[in-house]
Amino acid sequence: MRLNIKDKFNKELPADPVLENKRRQVTKSCFSFVSPTSTSNPELIHVSPEMLKNLGLSESDSRNNQFLEVFTGNSILPNTNPYAMCYGGHQFGQWAGQLGDGRAINLCEVEHQNKNWQLQLKGAGETPYSRSADGLAVLRSSIREYLCSEAMFHLGVPTTRALSLALTGDKVLRDVMYDGNPAYEKGAIVCRVAESFLRFGSYQIFAARQDEETLKTLVDYTIQHHFSQLGKPSPETYIQFFKEVTERTLAMIIHWQRVGFVHGVMNTDNMSILGLTIDYGPYGWLEGYDYGWTPNTTDREHKRYRFGNQPNIGLWNLLQLANTLYPLVNEAQPFENILNQYQADFERLSLEMMRTKLGLYLEDEDDPKLIEELEDILHLTETDMTIFFRSLANFKKDNPKSGMETIKDSFYKPDEVVANIEKRWNGWFMSYAKRLKQESSTDQQRKAKMNTVNPKYVLRNYMAQLAIDDADKGDYAMIDELFQMLKNPYKEQPKFKKWFAKRPEWARHKVGCSMLSCSS
Ligand code: AMP
Ligand code: MG
């Protein structure tokens, strides 16, 4: 296996001088050197061919024993020095102090075809940042991260990627619902890959400790390696940097809203500085279109991270980042301007995104009203987001009366679509048909375009759970089936059409399908 290793993070940034793998507060350093824990009986379950290629590896490399050993933590590539990153974060709105890579270990950085990739094992054992936890990951959450991160990439959503999914052969104790019933589960490791795993919390930790020197070192490093188009670091560049992070964060969240993805734990330690979707924990996909929905049972009470609140939380998190960067600039106004712009841009981009979901390409001043009314009606009875928008592409602008028929498969409880609700739908279809008449495209052209932004296949919560149940029994076929299907989420793919269906009723309240906790 030949990787073009180009380590920068652990060469250019200040390292924790302590080498012992013991939990501690780490100051004035961006990371601590630490080796993965050996695994007893590792077994590869799946490898992403796209990621192999991105890293300059072949499929035969992945069948080599060295690949298995390296990506399950049993051997370290020559001339590499694995490490865990130090970061802090706001969790559910509260400053939580030092967090850090408690169970992620960075192996190395790879350069291939002018792209830089950082390789990281998630679930590879204890680090100085493990706090009271074990540094391990279980199979169920590893499958969820592996499948979803690759699926998100193919949906066109900025995300960290995944190279491999492996069993460790070791057992991991977890109390899934935090109800005093811990049980052993299979341990697993995902090799995650991204240009960088730096998070808002990576910077916050230094500001919180009034360590401006290390803060500046890390920001300058970030600009030099990941935002080099902004030029040499200076107070002006720091503002441009913040602006760029703000824009990328907003763009990512608009994509989430478009495809119905709910991250579930938008703590500032889970916000990538590159605007990538990162840390797939208790995430979920909208089934019924519901702004109030969150998959995360830990967040059931306040629903801070519910679907409709993601754009606001993005802004709240950016405000924390602005506070962090402020000492490097000493001027509040530029940050305030950028945060205000986020709100204006959100309105504009969100409208633009919803227009494309509806197949509207011209601008009409009444569009916001049309969209609002649609969203209101979608909330009246449980209506499947994915099926609704995909079916809506079949709407005929000359026959608004058939609208109901076109989308009827998206209702979970057709009996609840009583007369007054049907009336509102019909009214909306009339307005929609009228609006479509302004557009030049034919029904057929509009359908083709709508189908490039409204996915047919997403990783519904119950689908991941079915793959997990099989994998627990040693059958990995469904992991591969979903992986293959999710590579082309916008294509019809008739052979997978059984997955273009509403969530089955048995999954409505099942753990892992609608109820997910942070226990992973
Ligand atoms: P998360 O909510 O998964 O983003 O994790 C928040 C913090 O807890 C991060 O610092 C993680 O590294 C840490 N963490 C989560 N699970 C574990 C675990 N099993 N062992 C050690 N640290 C963990
Ligand atoms: Mg995290």
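Start at 1 and go down the list; that is how both ligands and their atoms are numbered.
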In this structure, does ligand 1 have an atom that sits under 4.0 Å from one of the heavy atoms of R174? yes
For ligand 1, note which part of N270 has a heavy atom under 4.0 Å away: side chain, backbone, both or neither. side chain
From the N, O or S atoms in D279, identify the one nearest to the Mg ion (ligand 2). OD2
Please report whether ligand 1 has a polar contact with L136, defined as an N or O pair separated by less than 3.5 Å (distance criterion only). yes
Can you list the steps and then say if D170 with T39 is a side-chain hydrogen bond (donor to acceptor under 3.5 Å, both in side chains)? CA-CA 7 Å; D170 301 313; T39 47; 5.3 Å; no
Who's the nearest protein heavy-atom neighbour of atom 13 (C) of ligand 1, and how far? R131 NH2, 3.6 Å
In the protein, what heavy atom is nearest to atom 10 (O) of ligand 1, and what distance, to one decimal place, separates them? G100 O, 2.6 Å
From T237 OG1 over to F227 CZ, what is the distance, rounded to the nearest 0.5 angstrom? 12.5 Å
Residue, atom and distance of the protein heavy atom nearest atom 16 (N) of ligand 1 read R103 NE, 3.3 Å
Heavy atom of the protein closest to atom 21 (C) of ligand 1 (residue, atom name, distance): G102 O, 3.2 Å
Is E126 in contact with ligand 1, taking contact as a heavy-atom separation below 4.0 Å? no
Any idea which protein heavy atom is nearest atom 20 (N) of ligand 1, and the distance to it? G135 N, 2.7 Å
